[in-house]
2 protein chains.
Amino acid sequence: MAYATSRFAENGYHPTSVAEIVQGLGVGKGVFYWYFASKEELFLEILRDAQRQLRRRQEAAIADEPDPVRRIELGIRASMAWFDQNREVVKLLQFASTEERFAPVLRRGQDVAVADTARHVKEGIVEGRIRDLDPFVLSHAVLGVTGHLAREFVHERSQSVDDVAEVAVAFCLEGLLGGK
Amino acid sequence: MAYATSRFAENGYHPTSVAEIVQGLGVGKGVFYWYFASKEELFLEILRDAQRQLRRRQEAAIADEPDPVRRIELGIRASMAWFDQNREVVKLLQFASTEERFAPVLRRGQDVAVADTARHVKEGIVEGRIRDLDPFVLSHAVLGVTGHLAREFVHERSQSVDDVAEVAVAFCLEGLLGGK
DNA sequence: CCCGTTCTTGACCGGCCGGTCAAGTTCTCC
DNA sequence: GGAGAACTTGACCGGCCGGTCAAGAACGGG
């Protein structure tokens with residue numbers, strides 16, 4: 001599955017043939033279809049796995065932080081770190097979002113992640129520390145910033161994860177204008 | 001090209017065959033290869049066209065607004081409106097960013113757009129109205145928020161463009177914490 | 001009215017692709 | 001040690017795909 005992930009990420013899902021995967025692995029085609037029902041099923045498995053991993057990572061990072069705003073910040077940093085260490089998978093997730101047939105799986109995972117963040121946002125709103133806007137939209141905004149900055153600066157431009165995460169947090173919390 | 005765009009957006013680039021496109025158009029295959037060197041070339045043409053359109057739209061919206069911060073805001077609203085009216089193309093742009101071979105064209109267009117925004121951000125920093133962080137990172141952050149919110153709420157959840165744009169602007173300018 | 005250019009057709013080609021399957025080989029448990 | 005389950009092989013299949021091309025049709029200037 002690791003090898004398939006890197007092939008898919010490098011060549012794209014469609015241009016990567018099952019023959020190519022099994023050949024690179026030095027096994028026969030039969031063994032592929034023994035473990036996976038189809039090429040699509042393998043891809044979905046990779047997707048589900050990735051989402052599970054990311055979620056665990058976020059939960060671990062947030063663990064026992066009581067402050068909702070700090071929790072959001074830790075979530076951003078944890079996501080950024082995971083994006084950094086799983087570039088290939090990030091590419092696959094992005095590709096998956098462009099194909100209707102992968103949407104359901106993707107959607108489920110993203111909804112879970114957003115719901116997590118939204119909970120903290122809601123808490124923040126109740127505490128009067130976060131402005132009273134739709135928590136789901138705000139969560140998605142955070143997710144959008146984090147993902148995009150990770151792809152553009154950590155992946156493409158190889159900038160330091162911490163530096164990018166720093167700016168991402170600053171931007172998400174106080175926008176362009178805030179923060180002295 | 002319009003028909004091809006909708007086929008690509010609905011079925012994906014790879015799964016859509018040239019035969020399918022020309023059949024849907026009621027023409028022979030030869031006419032396709034008379035006007036386009038290859039399937040890939042057609043796709044690139046669509047991409048370039050889209051980027052040109054979006055850029056024109058943004059420039060028109062910003063036109064003669066002197067305030068850099070207002071310019072950024074108008075840019076966000078214009079982008080959001082364009083994303084709303086060009087869902088198919090947005091999908092294609094997103095797909096293109098996952099395939100190495102389309103990256104160069106995509107990159108060039110995005111760099112131009114980001115450079116535009118970054119100019120306004122820089123002005124804002126000079127005026128002391130925007131915090132002193134890397135203007136390119138901030139511009140990408142704005143772009144990330146706008147694109148993601150458009151896809152998630154305008155495209156997927158069919159929410160009103162204006163409402164989403166409103167939140168996007170609020171978030172970009174003042175983040176989660178700011179704004180009363 | 002004719003001839004060269006532009007444009008159009010669709011059968012065809014070589015090649016690849018996802019998936020199957022008959023034929024093994026290896027493992028496991030009695 | 002034997003029998004059945006678990007696993008592995010790779011040739012093979014039907015089908016599709018991007019792209020070519022010989023054969024025209026339509027057009028346009030002289």
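No experiment lies behind these values; they were computed from the predicted model shown. Below, read A as the first sequence line, B as the second, and so on, with proteins coming before strands; counting in each chain starts at 1.
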Cation-pi, B/F8 ring and B/K91 (6.0 angstrom, 45 degrees):
no

If you count every heavy atom of other residues, nucleotides or ligands that lies below 6.0 Å from A/R48 atom CZ, does the total exceed 12?
yes

Please determine whether the number of non-hydrogen atoms from other residues, nucleotides or ligands lying under 6.0 Å from atom CD of B/E41 exceeds 12.
yes

Does a side-chain N or O from B/W34 land closer than 4.0 Å to OP1 or OP2 of C/dC7, or not?
yes

May I ask you to evaluate whether B/Y35 reaches the phosphate of C/dT8, defined as a side-chain N or O under 4.0 Å from OP1 or OP2?
yes

My understanding is that only residues two or more places apart in sequence, or in another chain, count here; which of them pass ring pair (Phe, Tyr, Trp, His ring centres under 6.0 Å) with A/F36?
A/F32

Walk along nucleotides 13-20 of chain C from 5' to 3' and tag each nucleotide B, S or - by protein heavy-atom contact under 4.0 Å, base first, then sugar-phosphate.
----SBBB

From C-beta outward on B/V27, which listed nucleotide comes closest to its side chain: C/dC7, D/dT9, C/dT9?
C/dT9

If hydrophobic clusters are built by linking Ile, Leu, Val, Met, Phe, Trp and Tyr wherever their side-chain heavy atoms come under 4.5 Å apart, do B/V27 and B/M1 end up in the same one?
yes

